[in-house]
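No experiment lies behind these values; they were computed from the predicted model shown. Naming convention: chains lettered A, B, ... in sequence-line order (proteins, then strands); numbering from 1 in each chain.
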2 protein chains.
Amino acid sequence: MLIGELAAAAGVSTATIRFYERSGLLTPPERTSGGYRDYPDRAVAELRFVRAGQAVGLTLTELAEITAFRDRGEAPCGELVALMEHRMVEVEHRINELDQLRRDLAVLLDAAHAHNLDDCPPATMYGLLERREPQPSRDAVAFPRT
Amino acid sequence: MLIGELAAAAGVSTATIRFYERSGLLTPPERTSGGYRDYPDRAVAELRFVRAGQAVGLTLTELAEITAFRDRGEAPCGELVALMEHRMVEVEHRINELDQLRRDLAVLLDAAHAHNLDDCPPATMYGLLERREPQPSRDAVAFPRT
DNA sequence: CTAAGCCTTAAAGTGCGGTTCAAGGTCAAG
DNA sequence: CTTGACCTTGAACCGCACTTTAAGGCTTAG
């Protein structure tokens with residue numbers, strides 16, 4: 001199987017496949033006499049595994065560790081499950097953060113709609129974003145949007 | 001007020017303040033005879049507004065539009081509220097996505113714990129991430145983690 | 001006068017997950 | 001034997017929100 005066929009079979013670009021190979025996520029395939037990558041059928045499953053891992057929010061670094069285990073003939077199911085459990089905790093944490101944010105925004109928007117939005121000096125505008133109840137962790141230095 | 005004092009007052013680095021100024025988020029202050037930035041007291045509120053906007057997930061580009069309005073003497077409260085409402089929709093959407101992911105992970109982990117994790121050929125491992133019920137939007141090309 | 005501790009700038013680097021580009025090689029059809 | 005569709009590589013670029021680095025100027029205390 002050539003790279004374009006693998007790409008079509010897994011629904012990714014050929015550039016992504018080469019990038020994954022460089023990143024240690026896919027085992028480098030044999031080459032044809034002309035130097036083309038020649039993939040075995042199992043490469044499709046290998047690639048789909050990476051995409052499935054990404055879809056649940058595992059990082060490429062984490063997935064590379066798993067595939068490195070696999071390529072050394074070890075049995076990384078335990079490691080994979082550990083990553084999934086860790087991700088589960090992260091997701092729950094993030095849902096709670098976003099839910100708090102949703103509530104905060106609801107309060108702010110409610111208050112905002114009580115204002116005359118056409119009379120809007122800076123101090124009034126700044127007030128539209130002021131959250132009285134401090135957000136749970138005071139020193140959360142990053143503001144992830146997604 | 002010098003930049004270091006403003007930074008301390010708002011809890012950001014001086015590099016961040018210069019970056020915000022370059023990005024159009026803060027009005028460029030007067031300079032002292034020696035070329036130092038000399039901030040008026042209202043710069044603290046201005047900077048805190050930007051951080052508050054970030055904390056609810058507005059982008060710097062969005063906040064720059066607001067401050068550009070303000071610096072032209074217009075009344076951007078309506079625009080700010082529109083951004084907040086838009087952000088609210090995004091947050092709700094993201095919460096739903098993450099909640100679906102949480103449920104999917106729960107199912108996968110449940111199934112995984114029924115396996116013997118020490119007997120783990122690749123095909124078995126790949127199965128640990130297979131989600132039968134397809135994720136809502138088939139062509140969601142990005143995998144945001146946060 | 002000098003040393004410390006502020007401040008200045010432009011430019012480059014970071015992390016993540018890729019995409020895009022430039023310059024070229026291979027292969028099958030016509 | 002040329003055309004066009006594929007493939008190769010390395011390097012640069014993207015967005016986002018900064019941080020870091022390098023090289024130097026200002027200010028004040030001793």
Point to revise | For atom CD of B:Q54 and atom P of D:dA17, their distance in whole Å | key: 6 Å
Review point. Looking for any heavy atom pair under 4.0 Å, which part of the strands does B:T59 touch: base, sugar-phosphate only, or nothing?
Key: sugar-phosphate
Review point. Given the rule that I, L, V, M, F, W and Y join up when any side-chain heavy atoms are under 4.5 Å apart, are A:F143 and A:L128 in one cluster?
Key: no
Check your understanding: Stepwise, does the side-chain hydrogen bond (donor to acceptor under 3.5 Å, both in side chains) test hold for A:Q100 with A:D104?
Key -> CA-CA 6 Å; A:Q100 181 61 54; A:D104 286 354; 3.0 Å; yes
**Study point:** Sugar-phosphate, base or nothing in reach of A:S33, heavy atoms under 4.0 Å
**Key:** sugar-phosphate
Check your understanding: Is the distance from OP1 or OP2 of C:dT9 to the nearest side-chain N or O of B:R31 less than 4.0 Å?
Key -> yes
Check your understanding: Toward the 5' end of DNA chain C, which comes first, B:E21 or A:T61, by nearest nucleotide?
Key -> B:E21
Review point. Is there a donor-acceptor contact under 3.5 Å linking the side chains of B:R42 and A:Y126?
Key: no
Review point. Nearest to the side chain of B:R37, which nucleotide is it out of C:dT9, D:dT8, D:dA17?
Key: C:dT9
Review point. Of the candidate nucleotides C:dG18, D:dA17, D:dC7, which contains the atom at the shortest distance from the side chain of A:R145?
Key: D:dA17
Point to revise | Side chain of A:R18 - closest among C:dT8, D:dT9, D:dT27 | key: D:dT9
Exercise for review: Check the distance between D:dT19's C1' and B:F19's CZ and give it to me in whole angstrom.
Suggested key: 10 Å
Study note, to complete from the structure: Result for 5'-nearest mapping on DNA chain D, choosing between B:L58 and B:G35, is B:L58
**Study point:** Phosphate OP1/OP2 of D:dT19: any B:T16 side-chain N/O under 4.0 Å
**Key:** yes
Review point. Quick one: on DNA chain C, does B:E5 or A:L60 contact a more 5' nucleotide (nearest heavy atom)?
Key: B:E5
**Study point:** Test side-chain contact (heavy atoms from CB on, under 4.5 Å) applied to A:Y20 and A:T67, A:L26, A:L63, the passing residue
**Key:** A:L26
**Study point:** Under-3.5 Å donor-acceptor pair between B:Y36 side chain and C:dC6 base
**Key:** yes
Study note, to complete from the structure: A:R22 CZ to D:dA12 P, in whole Å, measures 13 Å
Point to revise | Residue whose nearest DNA chain D nucleotide is more 5′ - A:G4 or B:A15 | key: A:G4
